[in-house]
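Since the structure comes first, as structure tokens, the remarks are kept for the end.
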There are 2 protein chains.
Amino acid sequence: MSLDNQLEEALMKSKTQMRRGVLEMCVLSIISEEESYPSDIIEKLKEVELIVKEGTLYPLLSRLKKDGLLQYSWKESTQGPPRKYFQLTTTGIAFLQGLKENWDDLVSSVNQSTKKITK
Amino acid sequence: MSLDNQLEEALMKSKTQMRRGVLEMCVLSIISEEESYPSDIIEKLKEVELIVKEGTLYPLLSRLKKDGLLQYSWKESTQGPPRKYFQLTTTGIAFLQGLKENWDDLVSSVNQSTKKITK
DNA sequence: ATACAGTACCTTGCAACACATAGTACCGAA
DNA sequence: TTCGGTACTATGTGTTGCAAGGTACTGTAT
């Protein structure tokens with residue numbers, strides 16, 4: 001493997017690492033706007049170029065549900081099995097607010113640290 | 001533990017998660033401006049409110065050195081043991097550039113996803 | 001020469017989450 | 001009954017920030 005390929009691979013891994021903690025914020029944010037089921041969420045993430053597969057999203061939704069941040073209801077579908085529609089709980093709303101503050105603080109630190117103003 | 005405390009604790013953990021991949025970018029960025037030794041780096045990170053301890057920084061620097069992104073030279077000090085001064089390698093400079101692009105992409109996605117313009 | 005405080009550096013194991021893989025189940029159409 | 005499409009579930013892996021515990025060097029005081 002050439003150095004360029006090693007660099008590309010390292011940058012791909014870095015991409016994954018940078019999504020930690022951020023993905024859940026985006027997912028909660030999408031659900032906070034309108035109750036959604038997984039396929040919707042995947043589409044909306046795709047629109048903002050956050051490419052996520054089912055194998056990543058389902059465990060994340062499970063964990064958020066287990067942590068009391070989400071709840072869901074089943075709804076029939078005309079095109080296949082019933083779907084799980086997710087909503088934020090009260091705790092989830094508060095947590096999302098905190099996540100956004102965490103994120104804003106981090107972005108501010110990074111901007112100062114790298115001396116770059118985000119356009 | 002009250003719910004508020006659980007929320008606080010969860011947000012602290014989230015803070016740690018969000019730093020993944022980002023901390024190394026900031027550290028490389030600081031070193032790219034001027035060769036530094038660990039204590040300098042900790043100070044500069046502190047200035048931008050990225051609080052990092054030695055137990056976090058030394059393993060990170062070790063890993064970056066092992067990955068060929070950093071190199072170092074020893075310099076005497078007038079106030080204690082000799083110090084390791086770090087510089088970026090050519091690969092490190094290229095990698096840092098890629099990290100910043102990764103970061104910019106992520107920030108853009110988050111802004112679109114959370115419908116919030118960073119001021 | 002020895003002891004000590006301050007400074008610098010090192011190593012290791014843990015926790016947590018993004019991800020990939022493999023799988024099951026339901027529904028409508030053929 | 002079979003099949004394609006859709007929806008969901010479970011689990012193990014890899015990676016990095018962090019905490020904890022440690023060693024070593026230097027200058028100062030005794």
Side-chain angles (χ1 to χ4, degrees), chain A residues 9-28 36-43 45 50-67 69-70 72-86 95 99 102 106 109-110, chain B residues 9-28 36-43 45 50-67 69-70 72-86 95 99 102 106 109-110:
Chain A
E9 186 170 318
L11 286 170
M12 285 305 300
K13 285 179 177 179
S14 149
K15 219 167 203 166
T16 296
Q17 293 311 311
M18 284 183 176
R19 283 157 63 119
R20 285 176 76 107
V22 176
L23 203 55
E24 74 175 347
M25 177 178 69
C26 292
V27 167
L28 287 172
S36 319
Y37 83 113
S39 194
D40 281 342
I41 298 169
I42 286 173
E43 278 310 306
L45 290 170
L50 275 176
I51 312 298
V52 169
K53 298 226 180 96
E54 287 83 359
T56 296
L57 185 60
Y58 282 104
L60 173 53
L61 292 172
S62 275
R63 184 169 56 79
L64 294 172
K65 169 67 173 71
K66 182 171 63 62
D67 293 342
L69 307 174
L70 288 182
Y72 62 81
S73 53
W74 285 98
K75 291 190 180 181
E76 299 293 319
S77 164
T78 57
Q79 284 157 342
R83 300 166 172 171
K84 259 180 180 176
Y85 276 85
F86 287 91
F95 185 64
L99 285 179
N102 279 358
L106 185 66
S109 294
V110 169
Chain B
E9 187 169 319
L11 285 170
M12 285 305 300
K13 288 179 174 177
S14 148
K15 218 167 203 169
T16 296
Q17 293 311 312
M18 283 184 176
R19 281 153 68 117
R20 287 178 74 105
V22 177
L23 201 56
E24 73 175 349
M25 177 177 69
C26 293
V27 167
L28 288 171
S36 318
Y37 84 113
S39 194
D40 281 343
I41 297 168
I42 287 173
E43 279 308 304
L45 289 170
L50 275 174
I51 311 297
V52 169
K53 298 226 182 99
E54 289 84 357
T56 296
L57 187 59
Y58 283 104
L60 172 54
L61 291 172
S62 276
R63 184 172 57 80
L64 294 172
K65 169 68 174 70
K66 180 172 65 63
D67 292 343
L69 307 173
L70 287 182
Y72 62 82
S73 53
W74 285 99
K75 291 191 181 182
E76 298 293 317
S77 163
T78 58
Q79 284 158 342
R83 303 167 171 171
K84 260 181 179 176
Y85 276 84
F86 288 91
F95 184 64
L99 284 179
N102 280 357
L106 185 66
S109 294
V110 169

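Note on naming: letters A, B, ... go to the chains in the order of the sequence lines (proteins, then strands), and numbering restarts at 1 for each one.
First and last contacting nucleotides of DNA chain D toward chain A (any atom under 4.0 angstrom from a heavy atom, 5' to 3' order): D:dG5 to D:dT16.
Applying the salt bridge (charged side-chain N to carboxylate O under 4.0 Å, His left out) test to A:K13 and every residue at least two apart in sequence or in another chain returns nothing. B:I42 is linked by a side-chain contact (heavy atoms from CB on, under 4.5 Å) to B:E54, B:L57, counting only residues two or more places apart in sequence or in another chain. Residues that satisfy the side-chain hydrogen bond (donor to acceptor under 3.5 Å, both in side chains) test with B:S36, not counting sequence neighbours, are absent from this structure. Residues passing the side-chain hydrogen bond (donor to acceptor under 3.5 Å, both in side chains) test with B:S62, sequence neighbours excluded: none. In terms of the side-chain contact (heavy atoms from CB on, under 4.5 Å) criterion, residue partners of A:T56 (sequence neighbours excluded) are, by chain and number, A:L23, A:V52. Judged as a ring-ring contact (aromatic ring centres under 6.0 Å, His included), and not counting sequence neighbours, A:F95 has no contacts. Scored by the side-chain hydrogen bond (donor to acceptor under 3.5 Å, both in side chains) test, A:S39 finds no partners at all (sequence neighbours excluded). For B:K65, the salt bridge (charged side-chain N to carboxylate O under 4.0 Å, His left out) test picks out no residue, with sequence neighbours left out. With sequence neighbours excluded, no residue forms a side-chain contact (heavy atoms from CB on, under 4.5 Å) with A:P81.
Summary of helix geometry: the two end axes of the helix from C:dA1-D:dT30 to C:dA30-D:dT1, each defined by five base pairs via their C1' atoms, are inclined to each other by 20° (rounded to 10°).
For B:Y58 and C:dC10, the shortest distance from a side-chain N or O to OP1 or OP2 is not below 4.0 Å.
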*Let me see the working for B:E43 and B:D40 under side chain to side chain contact (heavy atoms under 4.5 Å, CB included), right down to the final yes or no.*
CA-CA 5 Å; B:E43 279 308 304; B:D40 281 343; 5.7 Å; no
Polar atom pairs (N or O), protein with nucleotides 17-27 of chain C, under 3.5 Å:
unit_1 : atom_1 : unit_2 : atom_2 : d
C:dC17 : O4'    : A:R20  : NH2    : 2.8
C:dC17 : O2     : A:R20  : NH1    : 2.4
C:dC17 : O2     : A:R20  : NH2    : 3.4
C:dA18 : OP1    : A:R19  : O      : 3.4
C:dA18 : OP1    : A:G21  : N      : 2.8
C:dA18 : OP2    : A:R63  : NH2    : 3.4
C:dC19 : OP1    : A:R19  : NE     : 2.7
C:dC19 : OP1    : A:R19  : NH2    : 3.0
C:dC19 : OP2    : A:R19  : NH2    : 3.0
C:dA20 : N6     : A:G55  : O      : 2.9

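C:dT7 atom C1' lies 14 Å from atom CD of B:E43, rounded to whole Å.
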